[in-house]
Trainee: 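Next up is a structure, given as C-alpha cells.
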Amino acid sequence: MPRKEIGLESTIDYLSILDTKGKPDKDLEPRIGKELLLDMHRAMVRARRFDEHQLRWQRQGRLGTFAPVIGQEASQIGTVAVLDDQDWMVPAYRQSAAALWRGTPLAGLLLYNAGYNEGGEIPEGQNDLPIAIPVASQIPHAVGIGYALKQEGSGHLAMTYFGDGATSEGDFHEAMNFAGVFNTPTIFVCENNQYAISVPREKQTRAGTLAQKAIAYGIPGIQVDGNDILAVYSAASEAAERARKGDGPTLIECVTYRMAVHTTADDPGKYRTQKEEEQWQKKDPIERFRKYLTARKLLNKKKIESLEEELEKEVKSAWDEAEQRMAELDRHPEVMFDHLYGEMPAYLGTQRKAMTDEDDDANG
Amino acid sequence: MPRKEIGLESTIDYLSILDTKGKPDKDLEPRIGKELLLDMHRAMVRARRFDEHQLRWQRQGRLGTFAPVIGQEASQIGTVAVLDDQDWMVPAYRQSAAALWRGTPLAGLLLYNAGYNEGGEIPEGQNDLPIAIPVASQIPHAVGIGYALKQEGSGHLAMTYFGDGATSEGDFHEAMNFAGVFNTPTIFVCENNQYAISVPREKQTRAGTLAQKAIAYGIPGIQVDGNDILAVYSAASEAAERARKGDGPTLIECVTYRMAVHTTADDPGKYRTQKEEEQWQKKDPIERFRKYLTARKLLNKKKIESLEEELEKEVKSAWDEAEQRMAELDRHPEVMFDHLYGEMPAYLGTQRKAMTDEDDDANG
Amino acid sequence: MAELTMVEAINLALRQEMEKDESVHVMGCDVGVNGGVFRVTDGLCDRFGEDRVMDTPLAESAIVGMATGMAVKGLKPVCEMQFSGFSYFAFHQLESQAARMRWRTRGRYQVPMVVRMPYGGGVRALEHHSESREVYYAHTPGLKMVIPSGPRNARALLVSAIRDPDPVVFFEGKLIYRSFREEVPEKEETLPIGESRIARDGDDLTVVTYGAMTQRVLEAADVLSGEDGVEVEVIDLLTLSPLDDAPVAESVRKTGRLVIVHEAHRSFGPGAELIARINEKAFYYLEAPVQRVTGYDTIVPYFAREQAYLPSVERIVAGARTALEF
Amino acid sequence: MAELTMVEAINLALRQEMEKDESVHVMGCDVGVNGGVFRVTDGLCDRFGEDRVMDTPLAESAIVGMATGMAVKGLKPVCEMQFSGFSYFAFHQLESQAARMRWRTRGRYQVPMVVRMPYGGGVRALEHHSESREVYYAHTPGLKMVIPSGPRNARALLVSAIRDPDPVVFFEGKLIYRSFREEVPEKEETLPIGESRIARDGDDLTVVTYGAMTQRVLEAADVLSGEDGVEVEVIDLLTLSPLDDAPVAESVRKTGRLVIVHEAHRSFGPGAELIARINEKAFYYLEAPVQRVTGYDTIVPYFAREQAYLPSVERIVAGARTALEF
Ligand SMILES: Cc1ncc(C[n+]2csc(CCOP(=O)(O)OP(=O)(O)O)c2C)c(N)n1
Ligand SMILES: Cc1ncc(C[n+]2csc(CCOP(=O)(O)OP(=O)(O)O)c2C)c(N)n1
Ligand SMILES: [Mg+2]
Ligand SMILES: [Mg+2]
C-alpha cells in the first residue's frame with residue numbers, strides 16, 4: 001500500500017443536548033442532581049448580573065477596563081461545575097463566572113477591576129490561579145499543575161480556560177503538546193466566543209473547528225454547543241473522568257458568543273453586525289437553561305424573581321464592601337513593593353521607605 | 001444529530017514509491033527526466049561526501065561544531081529539486097544538501113563551519129535565507145516571503161525546512177496557522193529524522209504522525225518515506241503545484257533518519273542503539289536510489305566511480321580555497337561591526353576603530 | 001497645519017507612507033477593520049485594503065517573524081504589538097532574527113521593519129499594559145529604539161523609521177496619545193533617528209528624559225523656574241539606541257548637574273547608561289552626583305496606585321533640588 | 001574534598017538537592033537520558049527516574065511555563081535552557097508569569113524555580129551560543145540573577161537558588177565549565193544570593209567583574225602587580241540582582257579608581273548600573289572616570305573572531321592603566 005490514508009488516534013465529535021427551546025435529547029441528557037442544576041443556574045445569573053452592574057460602574061468611572069463574561073455563562077459554569085475543591089482552575093481574564101463559582105468574592109473582583117493589587121488575592125483553600133492577561137500564557141501552568149497532581153497520584157486535575165484567539169499563540173501549542181507527552185490530567189477549555197477583540201474566528205485559523213487542533217497532539221478533542229450547559233457539562237464530565245483515571249488531557253471547544261463588548265474599551269459596532277448579535281441573543285445560554293429547568297418544574301417565575309432580588313442585594317453590598325476597602329487602601333501605594341520576593345531585598349526596602357516618607361511629607 | 005463526528009478538511013496520506021530494493025511502484029513513479037535524476041543522485045552523493053570530509057576536518061580541529069546531513073539526502077534533494085530559481089529556500093542548520101543544490105559554494109560552508117562570518121554570505125541571485133540556528137524560528141520567515149511572492153502574483157513559492165523537534169516550538173504552530181489564514185504559497189518540509197538531539201520522536205509529541213499536525217491549520221499534510229527520493233519528489237511536486245496555483249500551503253513530513261551525530265558535539269551512543277542504526281543503514285536513501293537508477297541503466301559502477309573521484313577533487317579544492325580565505329580573513333576581526341546596520345552609527349565606528357588600533361598596536 | 005493628537009499624527013505618517021510606497025504594509029491584531037485598539041490605524045484598511053492592512057491571528061512571534069520574511073523579500077512591514085508588555089512573546093524573533101539578518105548575511109538581506117508598540121503608564125490600564133522596558137531593546141545589537149515625545153516628532157520619526165533600512169522598535173507613550181495636540185504639517189516631515197533635541201534651554205541644570213515623561217519634565221522645569229529661579233535645560237532623547245550622548249555631555253559641561261527621568265525601572269535602566277556616558281565624556285564637569293528620578297524596581301502596580309510608581313512633577317522637582325543643593 | 005570542574009560541581013548540587021528534597025525536579029531538552037548537552041545532569045535520570053529528571057519536547061516557553069505551574073503546586077523545578085541565547089523563546093513566561101505570580105497573588109503562591117542557562121563566549125560555539133545578556137533578566141522585577149565564577153561557588157549558589165522561594169535565573173559560564181578545577185566539599189555548602197565576594201585584595205584600583213571573566217581579571221591583576229607594582233582589588237559580584245553594591249562603593253572609597261569588566265555588550269550593559277551606583281554612593285571618591293572593559297555593541301562574531309570580542313587580559317590591563325594614569 002504505497003499511498004494510503006493514515007488512521008488518526010481519534011475523531012472529533014460535535015455535541016449538543018438542549019435545543020434552542022430548552023428541550024433535551026433524552027439519550028444524552030446527563031444525570032445531574034436537582035441541587036446542582038439550580039446552583040448552576042444561580043451561578044450563571046449571578047455572574048451575568050454582576051457584570052451588568054460592573055458595566056454601569058465602569059461607565060461611571062468607578063471601575064477600570066474589564067472583560068465581561070456575558071454570554072459565556074454556560075461554557076464556564078458547565079465546565080467548572082465538574083471540579084472538586086482539590087482540583088485546580090487556571091483562568092484567563094474573562095472567567096469571572098468560573099472564578100465566582102470557585103469562591104472568589106465579588107468584592108475581590110471589584111477591587112481588581114478598580115485597580116487595586118489586593119483584588120488579586122486568592123482566598124486560602126481556593127485552588128485557582130489568578131487572572132492571566134497575556135493571552136495563552138496561563139495554559140502551560142495548567143500542564144505543570146496537572147503534572148504535580150499526577151505525581152501525587154491523587155486523581156485530581158487542572159482545568160484551564162482560554163479563548164479562540166488564544167489557540168493561535170505558541171503557548172497554546174506548546175502546552176497542549178506537553179500535556180500529551182506527559183499525559184497530564186489537564187482539561188483545556190477553549191471558549192470560542194467567535195472573536196478575539198475584533199478578529200473573527202474565521203480569520204483566526206483556517207481549521208474548520210478549534211477542537212480538531214487536538215489531533216495535532218494525539219489527544220481527544222470535542223466541540224460542544226457552548227450555550228447548552230448540559231452539553232458542556234457532559235463533555236467536561238467525560239474529560240474529567242478521563243483525567244482522573246490517568247488517561248490524560250482533553251481539549252473541549254465551547255462554541256459560544258461574547259454578547260457584550262470585548263472589554264469596556266471596545267466598540268463591537270466597528271466589526272460586527274447587530275443582526276449577528278440578535279441571532280446569538282436567541283441562543284442565550286441562561287434563557288435556554290431556564291426553559292429546561294422550568295419544564296422540569298425546578299424553576300418558576302417566583303423563584304427567579306426572588307433569586308434576582310437576592311443577587312441584586314448581594315452585588316450592591318459587595319460594592320459597599322469594596323468601596324470601603326478602597327478608601328483604606330488608597331493610602332498605601334507602597335504595597336507595590338510587597339510580595340515581589342519572599343524576602344524583601346534591601347534596595348527595595350529603601351525604595352519603599354522613600355515612597356512612604358514622601359507620602360508622609362505630602363500628607364503633612 | 002446531537003452527537004456527530006465532524007468531517008475534517010482533509011485526510012493524511014502516507015506515500016512511498018521505491019521499495020528497499022529500489023523497485024518503484026509503477027502507478028506512482030513520477031516522470032522525472034534522466035538528467036534531473038542523475039543531477040539529484042549527484043547532489044545526494046556530493047552532500048554526503050562533503051560531510052564525511054567535514055567530520056574528519058572537525059575531528060582534526062580544523063572546523064567547529066556542525067550538523068551533518070548524512071542520511072537525509074533524499075528528503076532534501078527530493079524537495080528542493082522542485083524549486084526554480086525565483087522560489088525561495090528557507091533552511092534550518094542541517095540543510096547543507098539543499099543549500100548546495102541551490103548554489104551555496106562548498107568553500108562558503110567551510111568558512112561558516114570554521115567560524116567565519118563571511119561563510120554566511122549568500123551568493124547574489126540565490127534566493128535562500130541563511131542558516132537559522134534557533135529551532136523553528138525560520139518557519140515564519142517562509143510565510144512572510146510566501147506572502148510577498150503571493151502579492152507579486154508571480155506563482156513562486158517559499159519552501160522551508162525544519163526537524164521533528166521543531167514541531168514542538170510555538171513558532172512552528174504560529175507560522176503554520178498564519179500560512180493557512182493568509183493562504184501563502186509555502187511548503188513546510190519537516191525532516192523527521194527521529195531525534196531532536198537525544199530526544200526520540202515518540203517523546204516529542206503524542207501524535208502518531210507529524211503530518212497530521214496540518215489538520216490543526218486546515219491545510220493539507222502528507223507523510224512520505226523520506227529515504228525514498230521518488231516519493232519525496234512526488235509529494236513536493238504536488239505541494240508546489242498547489243502553491244503555484246494559489247491553493248496555499250502544505251506540510252510534508254519526510255520520515256528519515258539522522259545516520260550520523262546530531263552535531264559533532266554529540267554522542268549518539270548515549271541514547272540510541274547500534275541495532276537501530278544498522279536497521280536504518282539498510283534504508284540508506286543513496287543506496288536505494290542507486291539501485292533504481294542502475295536498474296534503469298542510468299548508472300553503473302564506472303559512472304559512480306568517476307563521480308566519486310570528481311567529488312573528491314572538488315571537496316579538496318574547496319578546502320584549499322577556504323583555507324586561503326581564512327588566512328586573509330584572520331587579520332580582520334573588526335568585520336564583526338560591519339553589516340550590523342545599513343549605515344554604521346558613530347558609536348560603533350568608534351568601537352571598530354578602537355579594535356583596529358589595538359590590532360595595529362599588537363602587530364607593531 | 002492641523003492640530004493633531006499623537007494618535008492622529010501617527011495615523012497620518014502611516015497613511016502618507018502607504019500612499020507613497022506600495023511596499024509599506026501594516027500588520028497586527030485588530031489593526032484592520034477595527035483600526036487598532038487605540039485607533040492608530042483607523043481608516044487604513046478601508047483605504048488600502050486587507051492585503052496591505054493585515055489583521056493577523058493572535059501571535060506576536062509570527063507577526064514579527066512573518067514581517068521579517070516580508071521585509072527580506074522587499075516589503076516594508078509596520079507591525080503593531082498591541083502593548084509593549086506583550087512584545088516579549090516575539091522577543092526571540094526580534095533578537096535572534098530581525099536584528100541579525102543583515103549581519104548574518106553580510107548585507108545580502110535587510111529587514112526594513114518597524115515594530116510599533118504603545119508603552120508606559122498613566123492611563124489606568126491593566127497589568128502588563130503599563131510597562132516601560134525599552135532597555136530590553138536598547139541593549140540588543142541590530143535594533144534601533146525610538147521613543148517620540150509628542151505628535152509632531154512622532155509623525156516625523158515614524159516616517160524615518162519606516163524608511164530606515166533596519167528594524168526599528170518604536171515606543172508610543174499611551175499617556176500622550178491624546179493628552180495634547182500639536183500643529184502637524186500635512187506636508188511630509190522627517191526627523192533623523194539617533195538625534196536628541198533640546199526641549200528647553202537653561203544654564204543651571206540638565207534634565208534628560210524622553211517619551212511621555214518629557215511633558216512632566218517640562219512642567220517641573222516651569223516650577224523650578226517659577227519657584228527657585230533655576231533654569232533647566234531639558235534634553236529629550238527621542239532615540240535611545242543609537243544614543244545621542246554628545247548634547248547631554250555638552251549640556252553637563254555647561255550646567256555641572258544632571259537629573260535623568262524615566263518611567264522604566266531604575267536598576268539596569270536607561271538612566272544608568274546615561275550616567276556611564278557622562279562618566280566617560282564629562283567626568284570632570286559633574287559638580288554633584290547624577291540624580292535618577294525613575295520608576296521603581298518593582299512591577300508597575302495596578303492602576304489605582306500607578307501614579308505613585310511614575311515619576312511625578314513633584315518627584316522630578318525634588319530630584320532637581322537635590323542635584324542643585326548638593 | 002574532591003577537585004571538581006564546574007560541570008561536576010553543579011551536578012553535585014543537583015544530585016544532593018534531589019536526594020534531600022523530593023520536590024526538586026530537573027527538566028529541559030536532553031537533560032534525561034543524554035545527561036544534558038554539557039553533561040551537567042549526567043547520571044541524574046538513572047538515579048532519580050524520568051519523572052523527576054524530565055526530558056521535555058523542544059519548547060522553551062512551555063518548559064518555563066510548565067515549571068511555573070509545578071512550582072505553584074509545590075514542586076521545585078530546575079529548568080535547563082540549552083543556551084541562554086535560546087531563553088528568549090521563554091522570555092514572556094519568565095517576565096510575565098514566573099516573576100509575577102507571588103506579587104500578583106499577594107503572596108498566596110510562590111514560584112521556587114531555577115532556570116539554569118549556559119552563557120558566554122570563548123568555547124568556539126555557533127551563533128546564539130555565546131550570548132551574555134544578563135541585563136534582560138537583571139532589569140526584570142521579580143527575578144533574581146546569579147552568575148557564579150567557579151566550581152565551588154557555583155555549587156553553593158545553586159543549592160541556595162534551588163532553596164530560594166523565588167525564580168532565579170542562573171547563568172553558567174561555558175568558558176569555565178571545564179577550564180579549571182576546585183576543591184568542592186562533598187558536605188553541603190551554600191552561599192547567600194545577593195552577596196559579592198572580594199576575590200583579591202588591593203589598595204590601588206578596584207576591578208568589578210563576575211562569571212567567566214573573573215579568571216581573566218585575576219590574571220590581569222597578576223600582570224599589573226608584576227609589571228606595574230599595582231595592587232588590584234577584585235570584586236566578583238556572583239549575583240547581579242539584587243546587586244551588592246556596598247562592597248564596591250567601599251572599595252572605591254579606598255582606591256578611588258574603578259574598572260568594570262563584563263562580556264555583555266557595553267551599552268545599557270551591567271557596567272552602566274554599577275557606574276550609576278557608584279555615582280550615587282561614592283561620587284566624591286572617584287579620582288578618575290570609571291573604565292568599562294566589555295563586549296562590544298555588536299553581535300558576538302562567529303568563533304574564529306570571538307576572542308577579539310571578549311575582554312582579553314590585555315584589554316583589562318589596558319583599561320586598568322587608563323584608570324590609573326588618569
Ligand atoms: C499576548 C497578548 N497579546 C495581545 C493581548 C491583547 N488582547 C487582550 S484580549 C485579546 C483577544 C483575545 O481573544 P480570545 O483568545 O478569543 O479571548 P476572548 O477575549 O474572546 O475571551 C487580545 C488580543 C494580550 N492580552 N496578550
Ligand atoms: C530554540 C532552540 N532551542 C534549543 C536549541 C538547541 N538545539 C539545537 S538542534 C536541537 C534539536 C533539534 O531537533 P530537530 O528539530 O528534530 O532537528 P534535527 O537537529 O534533528 O535536524 C536543539 C534542541 C536551538 N538551536 N534552538
Ligand atoms: Mg474570543
Ligand atoms: Mg530531528
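Being a predicted model, the structure only gives us computed values, none of them experimental.
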Trainee: If you take all heavy atoms of B:S168 and D:A59, which pair is closest and at what distance?
Mentor: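 It is O-CB, 3.4 Å.
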Trainee: With a 4.5 angstrom heavy-atom cut-off, could you sort out which part of D:V300 is near chain B: side chain, backbone, both or neither?
Mentor: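 Neither part.
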Trainee: Does B:Q274 CD have over 12 foreign heavy atoms under 6.0 Å away?
Mentor: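 For B:Q274, atom CD is not crowded (no more than 12 foreign heavy atoms under 6.0 Å).
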Trainee: Any sub-3.5 Å donor-acceptor pair from D:R305's side-chain atoms to B:L329's backbone N or O?
Mentor: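 Yes: the side chain of D:R305 pairs with the backbone of B:L329.
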Trainee: Salt bridge or not for B:K270 and D:D42, using N-O below 4.0 Å?
Mentor: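 A salt bridge is present here (some side-chain N lies under 4.0 Å from a carboxylate O).
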Trainee: Can you check whether B:I133 reaches D:F86 side chain to side chain, under 4.5 Å on heavy atoms?
Mentor: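 Answer yes - side chains close enough.
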Trainee: A side-chain contact here means heavy atoms from C-beta on lying under 4.5 Å apart; do B:I197 and D:V37 qualify?
Mentor: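 Counting from C-beta outward, B:I197 and D:V37 do come under 4.5 Å.
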Trainee: Answer yes or no: is there a side-chain heavy-atom contact under 4.5 Å between D:D297 and B:F337?
Mentor: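 No. Closest side-chain heavy atoms not under 4.5 Å.
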Trainee: Please flag which part of B:L340 lies under 4.5 Å from any non-hydrogen atom of chain D: side chain, backbone, both or neither.
Mentor: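 When you check distances to chain D, only side chain atoms of B:L340 fall under 4.5 Å.
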Trainee: Any donor and acceptor pair, going by atom type alone, linking the side chain of D:T298 with main-chain N or O of B:M336 inside 3.5 Å?
Mentor: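 Looks like yes, one N/O pair under 3.5 Å.
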Trainee: Between B:A196 and D:L58, which heavy-atom pair has the shortest distance, and what is it?
Mentor: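 Looks like CB-CD1, 4.4 Å.
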Trainee: Tell me, yes or no, whether the heavy-atom count around B:E328 atom CD, taken from other residues, nucleotides or ligands under 6.0 Å, exceeds 12.
Mentor: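 Atom CD in B:E328 is packed in, count exceeds 12.
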Trainee: Is the shortest side-chain heavy-atom distance between D:P301 and B:Y116 below 4.5 Å?
Mentor: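 Heavy-atom side-chain distance check fails, nothing below 4.5 Å.
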Trainee: For B:Y347, is it the side chain, the backbone, both or neither that has a heavy atom under 4.5 Å from a heavy atom of chain D?
Mentor: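 Contact with chain D is through the side chain of B:Y347 alone.
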Trainee: For D:Y302, does its backbone N or O pair with a side-chain atom of B:N117 as donor and acceptor, under 3.5 Å?
Mentor: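 The answer is yes, because a donor-acceptor pair under 3.5 Å joins these two groups.
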Trainee: Heavy-atom distances under 4.5 Å only: say whether B:N113 touches chain D with side chain, backbone, both or neither.
Mentor: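 When you check distances to chain D, only backbone atoms of B:N113 fall under 4.5 Å.
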Trainee: Taking side chain as everything from C-beta outward and backbone as N, CA, C, O, which of these in B:L63 sits under 4.5 Å from a heavy atom of chain D? Side chain, backbone, both or neither.
Mentor: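 Only the backbone of B:L63 comes within 4.5 Å of chain D.
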Trainee: Looking at B:E323, I want to see if its CD is surrounded by more than 12 non-hydrogen atoms of other residues, nucleotides or ligands under 6.0 Å.
Mentor: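 For B:E323, atom CD is crowded (more than 12 foreign heavy atoms under 6.0 Å).
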Trainee: To the closest 0.5 Å, what do you measure between CG (D:N34) and CG (B:D267)?
Mentor: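 That separation rounds to 7.5 Å.
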Trainee: What's the shortest heavy-atom distance between B:T65 and D:L126, and which atoms?
Mentor: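 Distance-wise, the nearest heavy atoms are O-CD2, 3.6 Å.
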Trainee: Roughly how far, to the nearest 0.5 Å, is the OH atom of B:Y93 from the NE2 atom of D:H128?
Mentor: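 D:H128 atom NE2 to B:Y93 atom OH measures 12.0 Å (nearest 0.5 Å).
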Trainee: Can you confirm whether D:E60 sits close enough to B:E169 that some side-chain heavy atom of one is under 4.5 Å from a side-chain heavy atom of the other?
Mentor: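 Result yes, sub-4.5 Å side-chain heavy-atom pair found.
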Trainee: Identify which of B:M326, B:R352, B:E118 forms the greatest number of heavy-atom pairs closer than 4.5 Å to chain D.
Mentor: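 Of the candidates given, the most pairs with chain D belong to B:E118.
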Trainee: For chain B, which candidate among D:R39, D:E306, D:Q307 shows the most heavy-atom pairs at distances under 4.5 Å?
Mentor: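 Top option by heavy-atom pairs under 4.5 Å: D:R39.
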Trainee: Side chain, backbone, both or neither: which part of D:F83 has an atom under 4.5 Å from a heavy atom of chain B?
Mentor: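 The answer is neither part of D:F83.
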Trainee: Closer than 3.5 angstrom, by distance alone: can the side chain of D:D30 be matched with the main-chain N or O of B:S198 as a donor-acceptor pair?
Mentor: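 It does hold such a pair.
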Trainee: Under a 4.5 Å heavy-atom cutoff, which of B:G170, B:A114, B:G120, B:P134 has the most pairs with chain D?
Mentor: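 With the most close heavy-atom pairs to chain D, the winner is B:P134.
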Trainee: With side chains defined as the heavy atoms from C-beta onward, is the minimum distance between D:E50 and B:K203 less than 4.5 Å?
Mentor: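 Touching, per the 4.5 Å side-chain cut-off.
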